[in-house]
Amino acid sequence: MRLKFEEWYKERKFSSLTEDLFDESVSCYKISAYRSAFLMSYLGFQNIIRERLLNDDKKEDIFTKETIDILEGDERWEFKITTIIKSNNKNDKKNEKINRGLFNDNYIVNNSKNINPFKLSEQIEQEYNYWHLIRNNSAHAKGREITYSTIESFWSFIENSISKFIINGGKDGLIRRAKECYKYKNEKNAIDIEDIEVIVDDLISLGEEKEIYEFLKEISVIFKIEYYNKYDIVKRFWDKIVKFDNGIVNKNLLNLLREDIESLLKFIEVYPIIFKELQDDYRFMVDLREQKIAEYIKYADNNKERVAIWRLIDKILNDNKLAEEELEKFIDIIVNNSSMPPVEQSICFLKNTSYFEKLREKLFSYQFDPYKKGGKNYVDRNYEFIKFYLLEAELDNEIAKKVNIMYEWSKSCNYNEYEQTLYVYREGLFSEMMDRILENEKFKCKYEEALGKMNSK
């Protein structure tokens, strides 16, 4: 039966050397050889850090050639790792000499306020120094006794802090690891690539809300959420984030989506549960209804955007949490700001509201006259909404007569070249639109009945 620590490091696809060291540590632990178990785990931990330094594409900008040579194979590499981790900014000759032996001059000048390339917190530094002391005591068979609890505590330290031990660690380190995974998104058999879900697990180790938020914001540009996820690695990443059982991650994901309605629309299309979590934020929901939706619905001109924004509207209308005054205000916003008619799936919801009454008022309170200023363009501007209303709403004599005036005018109108181009771009002349929908016998019957022509035939 595997130990929890075994499950952890096996999932992370560390190098074969690191895995061998951890395997040896676990074997020693199981036979109660705790001193050896600790030393093997410590070596494995140090080796992870060494390999990360050597694999970093900025290592030559940071370290001297001598430092890199030692890390690549010298028997002093473990001591060198410890020296790098303990590097600091104390202005004394001893530290100045140590730093000049480790780092390039340019790096020292540009990082004079924080020389340590890992950017570790004071707490992590203290914990590392503590375990380094335990290592020295174990290696020389002196000091405190090494027990099973010592090993388990050290394993816990490795699991919780390993994501910090990366050049410019924390957020930047996680982002670099995620980018590396994304580079190989199409290579399903790339066995040496770190699992993206492991990186999400390490996200909580950032600790600070600001860093978690900035990580999610920056990574969302790379791991773009789509209405239908294109890449498995992207889907697995966001699946893990959305289902992450930790309040601080969830809180910052919601904060990110509150700021960007386009991302919100994509997320709730793929993860409907997100909207349920946002509904309890009354202030946000008011802003969403009265500002964000109004702004977005003006420009939602492709089908995916239209479907997404109308599904969000459907969710709000179907929620039954709006007071009557709030509902009517929201319907006004939809009617007055929409650039395109609703999608088919939304019609059922809208018929249970005052939407069609308000749309009727907007479209047909205007007394159409092609000779008035702007009158000639009226049917073009409202072409799609008029067609939508005719096909989906109840028709009466008043509406049918107004539409018929537009229809007769459109059939007799002589368009100049510019207008002809304009109307062709808008899917044809108004008269041609009417000709097409009148080919539907059911609609034709409804339309002519409203006009009062049925008995004249």
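Ser161 places a side-chain N or O within donor-acceptor distance of the main-chain N or O of Phe157, the cut-off being under 3.5 Å. Formation of a donor-acceptor pair under 3.5 Å by the Asn382 side chain with backbone atoms of Phe385 is not found in this model. Within the 3.5 Å criterion, the main-chain N or O of Val234 finds no donor-acceptor partner in the side chain of Tyr182. Side-chain atoms of Ser339 come within 3.5 Å of backbone atoms of Ile297 as a donor-acceptor pair (strictly under, hydrogens ignored). The backbone N or O of Asn337 lies less than 3.5 Å from no partner atom in the side chain of Lys298, so there is not a single donor-acceptor pair. With hydrogens and angles disregarded, a donor-acceptor distance shorter than 3.5 Å links the side chain of Ser220 to the backbone of Lys217. A donor-acceptor contact shorter than 3.5 Å links the side chain of Lys351 to the backbone of Glu392. Judged purely by atom type and a 3.5 angstrom limit, Gln126 has no side-chain atom pairing as donor or acceptor with the backbone of Gln123. A donor-acceptor distance shorter than 3.5 angstrom exists from the side chain of Asn116 to the backbone of Ile85, with no hydrogens or angles considered. No donor-acceptor pair under 3.5 Å is formed between the side chain of Ser338 and the backbone N or O of Pro341.
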Report the C-alpha distance between Ile62 and Asn104 in whole Å, list the side-chain angles of each, state the deciding distance to 0.1 Å, and finish with yes or no for side chain to side chain contact (heavy atoms under 4.5 Å, CB included). CA-CA 6 Å; Ile62 298 174; Asn104 283 332; 5.8 Å; no

Between Lys10 and Asp23, is the salt bridge (charged side-chain N to carboxylate O under 4.0 Å, His left out) condition met? List the steps. CA-CA 10 Å; Lys10 293 291 185 184; Asp23 284 343; 3.1 Å; yes

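The heavy-atom pair separating Asn252 from Leu216 by the smallest distance is C-CD1, 3.9 Å. For the pair Phe275 and Leu288, the tightest heavy-atom approach, listed with the atom from each and the gap, is CE1-CD2, 4.3 Å. The minimum heavy-atom distance between Ile212 and Val249, with the atom names listed, is CG2-CA, 4.3 Å. Leu395 approaches Ile399 most closely through the heavy-atom pair CD2-CG2, 4.2 Å.
In this pair, Phe237 and Phe223 present their aromatic rings tilted. The plane angle is within the 30 to 60° band. Classification of the Phe364-Tyr389 ring pair by plane angle, with boundaries at 30° and 60°, yields perpendicular. Between Phe165 and Tyr128, the ring-plane angle classifies as tilted under the 30° and 60° cut-offs. Using a 30° and 60° split on the angle between ring planes, Phe22 and Phe14 fall in the perpendicular class, above 60°. Ring-plane geometry between Phe154 and Phe45 is classed as perpendicular, the angle between the planes exceeding 60 degrees on a 0 to 90 degree scale with a lower cut at 30. Using the six-membered ring where Trp is involved, Phe267 and Tyr271 have ring planes that are tilted, between 30° and 60° apart.
Ion pairing between Lys86 and Glu125 fails under the 4.0 Å rule for side-chain N and carboxylate O. Ion pairing between a basic and an acidic side chain is recognised when a charged N comes within 4.0 Å of a carboxylate O; Lys304 and Glu269 show no such pairing. At a threshold of 4.0 Å, the pair Lys446-Glu394 does not count as salt-bridged, since none of the basic side-chain nitrogens sits closer than that to a carboxylate oxygen. One finds a salt bridge joining Lys4 and Glu159 here, because a Lys/Arg side-chain nitrogen approaches an Asp/Glu carboxylate oxygen to under 4.0 Å. Salt bridge annotation for Arg360-Glu398: present, with a cationic side-chain nitrogen under 4.0 angstrom from a carboxylate oxygen. Taking the charged nitrogens against the carboxylate oxygens, Arg258 and Asp287 have no contact shorter than 4.0 Å, which rules out a salt bridge. Using a cut-off of 4.0 Å between Lys/Arg side-chain N and Asp/Glu carboxylate O, Asp332 and Lys362 are scored as not salt-bridged.
In this structure, the ring of Tyr407 has its center no less than 6.0 angstrom from the ring center of Tyr447.
Looking at heavy atoms from C-beta onward, Ile316 lies in side-chain contact with Arg289 at the 4.5 angstrom threshold. Residues Ile48 and Ile162 are in side-chain contact: their nearest non-hydrogen atoms beyond the backbone lie under 4.5 Å apart. Contact annotation: the side chain of Cys181 approaches that of Ile233 to within less than 4.5 Å [non-hydrogen atoms, C-beta and beyond]. Val26 places a side-chain heavy atom less than 4.5 Å from the side chain of Tyr9. Between Ile334 and Trp310 the shortest side-chain heavy-atom distance falls below 4.5 Å.
Under 3.5 Å, the side chains of Ser354 and Glu328 contain a donor-acceptor pair of N or O atoms. For the 3.5 Å distance criterion, the side chains of Gln345 and Asp314 fail to qualify, holding no donor opposite an acceptor. Looking at Asn47 and Glu51, their side chains do bring a donor and an acceptor atom within 3.5 Å of each other. A donor and an acceptor atom, one from each side chain of Ser156 and Ser153, are nowhere located under 3.5 Å apart.
For Glu152, the CD atom counts as densely surrounded, since its 6.0 Å shell holds more than 12 non-hydrogen atoms of other residues, nucleotides or ligands. More than 12 heavy atoms of other residues, nucleotides or ligands shown are found within 6.0 angstrom of CZ on Phe443.
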